[in-house]
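Below is one structure, written out as structure tokens, with a few remarks after it.
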Amino acid sequence: MKVFKFGGASVNSVERIKNIGHILDHWKGEKLLVVISAMGKTTNALEKVTEAFFAGKKEEALQLFEQVKEQHLTTAKYLLVTNYLACEEQLKNIFTEAEWLLHDKPVREYDYYYDQVVCVGELLSTVIVSYYLDETGIHNKWIDVRDIIRTDDNFRDAIIDWEYTKVKVQDSIVPAFNETNIIMTQGFIGATDENESTTLGREGSDYTAAVFANMLDAENLTIWKDVESVMNADPKQFPDAQPIHELNYNEVIEMAYYGAQVIHPKTIKPLQNKGIPLYVKCFLNPSLPGTVIHDQTLKHLPPIIVLKENQVMLEMNSKDFSFVGEHHVGHLYHLFEKLKVKPNLTQNGAISFLCVLDDRSERIEKLALEASELFDVSMMKGLSLLTIRHYNNEIVEKLTEGKKILLRQQTQETAQLLIQPLTTH
Ligand code: ASP
Ligand code: MG
């Protein structure tokens, strides 16, 4: 059996939902577990609902939720004829699940409400797609993934209870494949042992799909995206980015670590543990080769570029010219942990410590303030961090031309450069 994951962009219009049917037609007769995200920007819309509700703006929350409802009912109406009423009923049950909560006053923490409301997005999209496929003759079984994926109650970033979930997969998913070739379920969401909904972190559907691939010993996992394949750079930043048709697990983990927005970083481990290949394919043109990510030693990978913008550099000099040793550095790492900031690059000198971070102003200000007990802190904003895997001098020169290099670190494989755009005026 195989696992397919379709992201939000693949179900954001009636045409695209129909396209999923065309893709699945090619795999007729195969056992497929299909994981689907919420449609388009639904997750963002549901975040807004939660924010309004938690701010005590009940009417606004309900009205924003109404828009999400309308949008899904309209999509269902366009897609369905014979299955419409059955689908509508199931959609309404899901609406009600969120609405009874929105009518109350918030008494628990924000993250709890976030998960109860936001999980609705994937439930709605999968119900619609499931009924649509059924109506076109692609029979499938819809499963509420919250009955399968058990998590802890760390809302918004819940951790999967691997043992419990494995048993559920064996007891519920495996036998369901005796009745049907296609099982349709949700990514990104799960439930606690008290049946509260949870989410696994934004963009977490890739991870869910990988967890299922692992537990079902799938032949492979295919993530269907709107890009032709994994590229060696973000084409929005580098228009001459090139497709890469073959990668290995380690390379993808490294890319994700340095900030490439390819695949959710947690996705690789469950696949790597069982040697399950991951295909990235384009749902707009399935005949394109896409990318395979597997357990191979690869030579001659092209330079892979990750550019993180909006970086801030903190320079911390010890107050009394004392050396920056374990005591100082230890103190700083405690602060990073406490304030939940993760430096993208650090460098230690005799009496100074440099770190480069994403510019989340509020946290950075707190960090600077707390660090100022031990250090004189200075801050530089508006920087970019360029990471080049498999670099050569030529590409480094090309990408830093006309820019000031503030800091450079490199190993044999990876060069990182902190750069400042030269002002033109
Ligand atoms: N719908 C969720 C999100 O937008 C999960 C996902 O798409 O992977 O973050
Ligand atoms: Mg998504």
Side-chain angles (χ1 to χ4, degrees), residues 1-45 68 70-84 86-88 90-91 121-143 145 180-188 203 205-206 208-209 212-213 218 220-231 235 243 245 262-264 278-292:
M1 61 84 51
K2 299 180 169 75
V3 180
F4 280 5
K5 182 261 173 173
F6 290 96
S10 68
V11 284
N12 70 0
S13 70
V14 166
E15 287 318 309
R16 288 199 171 171
I17 294 174
K18 289 185 177 169
N19 181 50
I20 291 191
H22 298 313
I23 291 177
L24 294 183
D25 257 343
H26 281 277
W27 273 269
K28 237 192 204 127
E30 292 243 24
K31 303 273 178 210
L32 296 176
L33 181 95
V34 179
V35 171
I36 300 190
S37 300
M39 289 177 187
K41 299 275 171 249
T42 306
T43 305
N44 294 357
V68 173
E70 280 310 313
Q71 197 194 333
H72 285 85
L73 287 169
T74 308
T75 305
K77 246 173 233 159
Y78 275 112
L79 283 166
L80 300 168
V81 183
T82 46
N83 277 344
Y84 180 74
C87 178
E88 184 192 59
Q90 207 176 332
L91 295 178
E122 337 293 295
L123 295 166
L124 298 175
S125 69
T126 50
V127 164
I128 294 174
V129 177
S130 171
Y131 275 112
Y132 167 72
L133 293 176
D134 185 78
E135 196 170 296
T136 59
I138 304 174
H139 298 296
N140 66 94
K141 184 176 165 71
W142 181 89
I143 287 185
V145 83
T180 179
N181 279 338
I182 299 181
I183 293 179
M184 163 84 47
T185 197
Q186 305 82 42
F188 172 60
E203 303 301 330
S205 297
D206 291 353
T208 304
F212 276 125
N220 54 53
L221 162 63
T222 305
I223 295 184
W224 294 91
K225 290 171 91 71
D226 57 358
V227 292
E228 69 174 282
S229 65
V230 177
M231 309 291 278
H245 296 300
V262 253
I263 288 151
H264 191 282
L278 166 60
Y279 294 96
V280 176
K281 299 262 300 168
C282 180
F283 62 75
L284 299 168
N285 188 353
S287 66
L288 292 174
T291 302
V292 58

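Throughout, numbering of the chain's residues begins at 1 and tracks the sequence.
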message: Would E135 and Y84 count as a side-chain hydrogen bond (donor to acceptor under 3.5 Å, both in side chains) here? Give the steps.
response: CA-CA 9 Å; E135 196 170 296; Y84 180 74; over 6 Å; no
side-chain contact (heavy atoms from CB on, under 4.5 Å), paired with [X], selected from [options]:
| X | options | result |
| --- | --- | --- |
| M184 | V145, L133, I143 | L133 |
| V3 | L278, I223, L221 | L221 |
| V14 | N19, T74, I128, T75 | T75 |

What I'd like to find out is whether the side chain of [X] reaches to under 4.5 Å of the side chain of [Y], using heavy atoms alone.
| X | Y | value |
| --- | --- | --- |
| L124 | L91 | yes |
| N220 | Y279 | yes |
| Q186 | I36 | no |
| E203 | I263 | no |
| Y131 | Q90 | yes |
| I138 | I182 | yes |
| C87 | Y132 | no |
| V127 | H72 | no |

Nearest-0.5 Å distance that lies between atom [atom1] in [X] and atom [atom2] in [Y]:
| X | Y | atom1 | atom2 | result |
| --- | --- | --- | --- | --- |
| T136 | I20 | OG1 | CD1 | 11.0 Å |
| S10 | F283 | OG | CZ | 5.0 Å |
| K18 | L79 | NZ | CG | 6.5 Å |
| K141 | L33 | NZ | CG | 12.5 Å |

Without swapping roles, check the side chain of [X] against the backbone of [Y] for a donor-acceptor pair under 3.5 Å.
| X | Y | result |
| --- | --- | --- |
| K41 | G8 | no |
| H245 | V292 | no |
| T42 | A38 | no |
| K281 | L288 | yes |
| T291 | V230 | yes |

Which atoms form the tightest heavy-atom contact between [X] and [Y], and what is the distance?
| X | Y | result |
| --- | --- | --- |
| I23 | P286 | CG1-CG, 4.0 Å |
| A9 | R16 | O-NH1, 2.9 Å |
| S205 | F188 | OG-CB, 3.6 Å |
| E88 | L73 | CG-CD2, 4.0 Å |
| A209 | K5 | CB-CB, 3.8 Å |
| S125 | S37 | OG-O, 2.8 Å |

For a quick check under 3.5 Å, do [X] and [Y] share a side-chain donor-acceptor pair by atom type?
| X | Y | answer |
| --- | --- | --- |
| N181 | K31 | yes |
| D134 | N83 | yes |
| T185 | W142 | no |

message: I'd like to know whether V11 forms a side-chain contact (heavy atoms from CB on, under 4.5 Å) with V129, so could you lay out the CA-CA distance, the side-chain angles of the two residues, the decisive distance to 0.1 Å, and finally the verdict.
response: CA-CA 8 Å; V11 284; V129 177; 4.0 Å; yes
task: With sequence neighbours excluded, tell me which residues meet side chain to side chain contact (heavy atoms under 4.5 Å, CB included) with A45.
output: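 Checked A45 against side chain to side chain contact (heavy atoms under 4.5 Å, CB included); matches are V68.
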query: With a cut-off of 6.0 Å (strictly less than), are more than 12 heavy atoms of other residues, nucleotides or ligands near NZ of K2?
result: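 Check passes, neighbour count above 12.
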- request: Tell me, with the steps shown, if F212 and V35 meet side-chain contact (heavy atoms from CB on, under 4.5 Å).
  value: CA-CA 9 Å; F212 276 125; V35 171; 4.2 Å; yes
query: According to the interplanar angle, ranging from 0 to 90°, do the rings of F4 and W27 count as parallel (below 30°), tilted (30 to 60°) or perpendicular (above 60°)?
result: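 Correct class here is perpendicular.
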